[in-house]
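Below, read A as the first sequence line, B as the second, and so on, with proteins coming before strands; counting in each chain starts at 1.
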2 protein chains.
Amino acid sequence: MSTVVDQQDIKREKILEAAYQRFLHYGYSKTTMNEIAGDLSLSKALLYYYFPDKSQLYIAVMRKLAGEYIQNLESELNQANSLRDAFAAQVDIHHNFIVKNYNFFDFFRVNEQNLPDTIWEIIAEIRNSELTLLSAAIRIEEQKGHIKPVESPEQIVDLLIDALHGVRVSAVAHKKVMFPQKEHLEEIHTKRLLLLDIFIKGLMY
Amino acid sequence: MSTVVDQQDIKREKILEAAYQRFLHYGYSKTTMNEIAGDLSLSKALLYYYFPDKSQLYIAVMRKLAGEYIQNLESELNQANSLRDAFAAQVDIHHNFIVKNYNFFDFFRVNEQNLPDTIWEIIAEIRNSELTLLSAAIRIEEQKGHIKPVESPEQIVDLLIDALHGVRVSAVAHKKVMFPQKEHLEEIHTKRLLLLDIFIKGLMY
DNA sequence: AAACTGACTATTTAAACAAAATTATCAAAT
DNA sequence: ATTTGATAATTTTGTTTAAATAGTCAGTTT
């Protein structure tokens, strides 16, 4: 009965996985539907049976990654027992996510100006999850009396996430690029942890 | 004797001013050398007598703006009598600079990926001035005993400037652009001042 | 000699088109 | 319901040409 649906889901997953590998290694524009189909020994037409078009396939992969990211964040934040730990976990998970999928996001760097609405929705979803989870962490710390009650934890989290986003490589004169290069990511990570310390201290009594 | 040089400098200044107006209103690519020459009732060839090419002219204007910005920053920071005031002044001046010259920076948004080295040098120069001036402000505050001595004020300033850069409009889902739009600048400004407060408090005892 | 120009050349951009690559569709087969 | 080969539609790439603009230079003016 539901095995039909199961089978369909399994095939769908396989396509998503193959597509992910291609996108990760070669980026969106250098990946063809033929190649994805070839990797699975399927006809290209079948991909269109499961996904309406190439961009929807990419977005579906993206959505899956986002889901995993959020789930990961959720379980790690549950284990954190201080505000500092919670944010540090967020920074780490975010860092790993970017490092692991760096090439996958070629799509972003290329289309930069006009990303499809659906992508923005996924970004918003991730941001909202971060906002909700981290705001909760702030409220807990408030109740413990470690930090002074803030009128809007969401606002604070929003601000901190923005600030963390801003941290880039230090030598402006040497970077010459708007997007961080892969080799800079470690340096960025270190700086973010420092920012985090100062910021959280700024929230305390 | 030096009146010859003076005359030349005056003409050069006039060209810079006319070029600035054109670049400001129409952006780099929509401004022609003919138009700049026309505004001054000069021949285009004369522009090439004073400047080697169009991009060098643009860069010269840019350099002039940067110089004014730095001078402005320097005089304002001299008047500031707290770390908070100093940074607030920096944020304000930076904000006004961007708002006033928003269209001038079209060049940046278009060429984004590969800006000429000279531009990066100017950016680095600005950053270095900010670094030097604000680090001095930190050292003063240290001596006053208001904040705990930091091993490297430069590092702290660098971090804060990065963090301030990261502050963007809040509604990620609505923005849909990598570069902030003009209408968002006020919102960004407000958020930066809030970040500033928390950050500076995080530096204190 | 320094400042300047008109007329010229060189380069870049834009438009139009064709060819190739790739996306997307669909009738037919399993 | 799932899958495919053949085909259509679209996008990308490369080429040509014309127009716009950048850039040069011999020669004129101050």
Item to complete: Could you point out which residue of A:Phe108, A:Phe23, A:Phe51 forms a ring-ring contact (aromatic ring centres under 6.0 Å, His included) with A:Tyr58?
Response: A:Phe23
Item to complete: For B:Phe199 and B:Ile156, run side-chain contact (heavy atoms from CB on, under 4.5 Å): C-alpha distance rounded to whole Å, both residues' side-chain angles, the deciding distance at 0.1 Å, then the answer.
Response: CA-CA 10 Å; B:Phe199 190 93; B:Ile156 298 297; 3.8 Å; yes
Side-chain atoms of residues 35-50 of chain B: list all donor-acceptor pairs with protein atoms under 3.5 Å, sequence neighbours left out, distances to 0.1 Å.
| unit_1 | atom_1 | unit_2 | atom_2 | d |
| --- | --- | --- | --- | --- |
| B:Glu35 | OE1 | B:Thr32 | N | 3.0 |
| B:Asp39 | OD1 | B:Arg22 | NH2 | 2.9 |
| B:Asp39 | OD2 | B:Arg22 | NE | 2.7 |
| B:Asp39 | OD2 | B:Arg22 | NH2 | 3.4 |
| B:Ser43 | OG | B:Leu46 | N | 3.4 |

Discussion item. Would you say B:Lys11 places a side-chain N or O within less than 4.0 Å of OP1 or OP2 belonging to C:dA2?
Written reply: no
Worksheet item: Do we see a donor-acceptor contact under 3.5 Å between the side chains of A:Gln21 and A:Glu17?
Response: yes
Worksheet item: Quick one: OG on A:Ser82 to CD1 on A:Ile200, what's the gap to the nearest 0.5 Å?
Response: 7.0 Å
Fill in: Near-strand residues of residues 45-57 of chain B, defined as heavy-atom separation under 4.0 angstrom from DNA chain C
B:Ala45, B:Leu46, B:Tyr49, B:Tyr50
Response to the item:
Sorted by number, residues from residues 23-41 of chain B placing a heavy atom under 4.0 Å from DNA chain C are none
Worksheet item: For B:Arg139, which residues count as a salt bridge (charged side-chain N to carboxylate O under 4.0 Å, His left out) partner, sequence neighbours excluded?
Response: B:Glu154
Worksheet item: Got a donor-acceptor contact below 3.5 angstrom from the B:Asn101 side chain to the B:Phe104 backbone?
Response: no
Under 3.5 Å, which N/O atoms of the protein pair with N/O atoms of nucleotides 8-11 of chain C?
none

Practice prompt. Starting at NE2 of B:His165, measure out to CG of A:Asp162 and round the result to the nearest 0.5 Å.
Written response: 14.0 Å
Worksheet item: So which pairs with a foot in residues 66-88 of chain A pass ring-ring contact (aromatic ring centres under 6.0 Å, His included), sequence neighbours left out?
Response: A:Tyr69-A:Phe97
Worksheet, complete the sentence: The complete set of salt bridge (charged side-chain N to carboxylate O under 4.0 Å, His left out) pairs with one or both residues in residues 67-89 of chain B, sequence neighbours excluded, reads B:Arg84-B:Asp197
Worksheet item: Can you name the ring-ring contact (aromatic ring centres under 6.0 Å, His included) partners of A:His95, sequence neighbours left out?
Response: A:His189
Response to the item:
Between its two end axes (five pairs each) the helix from C:dA1-D:dT30 to C:dT30-D:dA1 turns, nearest 10 degrees, through 40°
Tabulate atom names and distances for all N/O pairs under 3.5 angstrom spanning the protein and nucleotides 27-29 of chain C.
none

Discussion item. Tell me whether A:Lys64 is salt-bridged to A:Glu13, with the criterion being a basic N under 4.0 Å from an acidic carboxylate O.
Written reply: yes
Discussion item. Quick check: do B:Lys54 and B:Tyr28 have side-chain heavy atoms less than 4.5 Å from each other?
Written reply: yes
Practice prompt. Please list, chain by chain and in numerical order, all residues satisfying side chain to side chain contact (heavy atoms under 4.5 Å, CB included) with A:Asn78, sequence neighbours excluded.
Written response: none
Response to the item:
Contacts of B:Ala137 meeting side chain to side chain contact (heavy atoms under 4.5 Å, CB included) (sequence neighbours excluded), chain-then-number -> B:Leu83, B:Ala86
